[in-house]
Amino acid sequence: MTDVNQSPRTILTYGTFDLFHIGHLRILERARALGDRLVVGVSTDGFNATKGKKSVIPFEHRRDIVAALRCVDLVIPEENWEQKIDDIRRHGVRVFAMGDDWQGRFDFLAEYCEVCYLSRTPEISTTAIKTDLEPERRDHLEAVTREVG
Ligand code: CTP
């Protein structure tokens, strides 16, 4: 018989992790600190396409970057909305963790494991990085820098 107290406390989270930034690192570190083992579902380009999203960095690169982190034990592909219960069972997950931008959206998983929403790092996101890189925004930044300089 498996003694649940002896088995590793496995945490599961998901994300796109495009243009990997400090908010991504912090949430993965916080998720890992909830237990002993962190499994991360990285969304595939195909899954993102069904949501009308296209990442700058392709899936294979996003997957390899996340897998290289010290706080991450295993990366799995996130290919659809329905796989979460299977993933929880397959990987013996005890805690499902997501950023609090998803607050309440995964409460239905509480039947299978603990559900935990972690606070986001303020003032950074993939969307904000993309906006800052837009040419008109760069001109604005250069003008501001000249004024300051
Ligand atoms: N995240 C975070 N703090 C941030 C940005 C993201 O904690 N400042 C978390 C999200 O809550 C999520 C995970 O990182 O649990 C992956 O988020 P993802 O959607 O890939 O990153 P975003 O930067 O939020 O991307 P976008 O701007 O495209 O929504």
Side-chain angles (χ1 to χ4, degrees), residues 7-145 148:
S7 62
R9 184 172 157 88
T10 298
I11 316 301
L12 174 65
T13 191
Y14 296 88
T16 299
F17 305 102
D18 190 22
L19 300 174
F20 197 89
H21 58 69
I22 193 71
H24 293 149
L25 179 61
R26 294 291 178 247
I27 200 149
L28 293 174
E29 288 175 335
R30 282 203 294 275
R32 176 63 175 72
L34 296 173
D36 311 307
R37 182 171 170 263
L38 178 61
V39 179
V40 184
V42 173
S43 56
T44 62
D45 296 334
F47 181 40
N48 282 339
T50 69
K51 298 189 266 183
K53 282 177 63 175
K54 186 177 183 333
S55 59
V56 176
I57 308 297
F59 167 72
E60 290 76 11
H61 295 193
R62 291 183 286 109
R63 175 198 62 198
D64 289 356
I65 290 165
V66 172
L69 299 171
R70 205 161 35 209
C71 58
V72 173
D73 297 281
L74 177 68
V75 171
I76 58 173
E78 183 190 25
E79 294 173 299
N80 57 63
W81 290 108
E82 292 79 33
Q83 72 186 68
K84 292 188 177 65
I85 294 168
D86 273 355
D87 289 344
I88 288 168
R89 288 189 173 132
R90 182 172 300 125
H91 298 286
V93 170
R94 306 257 291 277
V95 184
F96 177 87
M98 284 298 284
D100 59 9
D101 45 327
W102 292 93
Q103 187 72 45
R105 300 271 295 275
F106 295 107
D107 288 357
F108 67 95
L109 294 173
E111 208 179 307
Y112 306 93
C113 64
E114 285 174 44
V115 176
C116 178
Y117 301 98
L118 300 169
S119 54
R120 280 169 67 94
T121 302
E123 288 171 25
I124 187 153
S125 67
T126 300
T127 307
I129 293 171
K130 284 182 187 166
T131 305
D132 280 350
L133 291 173
E134 284 167 7
E136 58 275 24
R137 179 86 182 169
R138 280 212 300 268
D139 292 347
H140 170 75
L141 276 177
E142 280 166 22
V144 170
T145 312
V148 173

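Every number for a ligand or one of its atoms is a count from 1 in the order of the listing. Because the structure is predicted, anything quoted here is derived from the model rather than measured.
- At a distance under 4.0 Å, a protein heavy atom can be found next to atom 18 (P) of ligand 1.
- Between Y14 and ligand 1, not a single N/O pair is under 3.5 Å apart.
- Formation of a donor-acceptor pair under 3.5 Å by the D100 side chain with backbone atoms of Y117 is not found in this model.
- Ligand 1 has an N or O atom lying under 3.5 Å from an N or O atom of R120, backbone or side chain.
- Heavy atoms from both the backbone and the side chain of T16 come within less than 4.0 Å of ligand 1.
- For H21, the heavy-atom gap to ligand 1 drops under 4.0 angstrom.
- Near D101, with a cut-off below 4.0 Å to any heavy atom, the atoms of ligand 1 are 10 (C), 11 (O).
- Looking at atom 29 (O) of ligand 1, its nearest protein heavy atom turns out to be T127 OG1, 4.1 Å.
- Summarising the contacts of atom 8 (N) of ligand 1 with L28, I124, I27, the nearest heavy atom is found in I124.
- Although no hydrogens or angles enter the test, the distance criterion places no donor-acceptor pair under 3.5 Å between the side chain of R89 and the main chain of G92.
- Remark: minimum distance from atom 3 (N) of ligand 1 to any protein heavy atom is reached at T121 N, 3.1 Å.
- Considering backbone and side-chain atoms together, H24 places an N or O closer than 3.5 Å to an N or O of ligand 1.
- A donor-acceptor pair is defined here as one N or O able to donate and one able to accept, closer than 3.5 Å; no such pair exists between the side chain of T10 and the backbone of R37.
- Ligand 1 has no N or O atom lying under 3.5 Å from any N or O atom of W102, backbone or side chain.
- In terms of modelled atom types and a separation under 3.5 Å, the side chain of D45 and the main chain of F59 share a donor-acceptor contact.
- For atom 20 (O) of ligand 1, the nearest protein heavy atom (residue, atom name, distance) is F17 N, 2.9 Å.
- For R62 (side chain) and G15 (main-chain N/O), no donor-acceptor pair under 3.5 Å exists by modelled atom type.
- Of the listed residues (F106, F108, Y112, W102), just one forms a ring-ring contact (aromatic ring centres under 6.0 Å, His included) with F96, and that residue is F106.
- Checking side-chain atoms of N48 against main-chain N and O of K54 turns up no donor-acceptor pair under 3.5 Å.
- A donor-acceptor distance shorter than 3.5 angstrom exists from the side chain of T126 to the backbone of D18, with no hydrogens or angles considered.
- With H21 contributing its side chain and G23 its backbone, the two residues share a donor-acceptor pair below 3.5 Å.
- Close approach of ligand 1 to S125 is summarised as follows: ligand atoms under 4.0 Å from at least one heavy atom of the residue are 23 (O), 27 (O).
- Close approach to G99 involves these atoms of ligand 1, each under 4.0 Å from a residue heavy atom: 11 (O), 15 (O).
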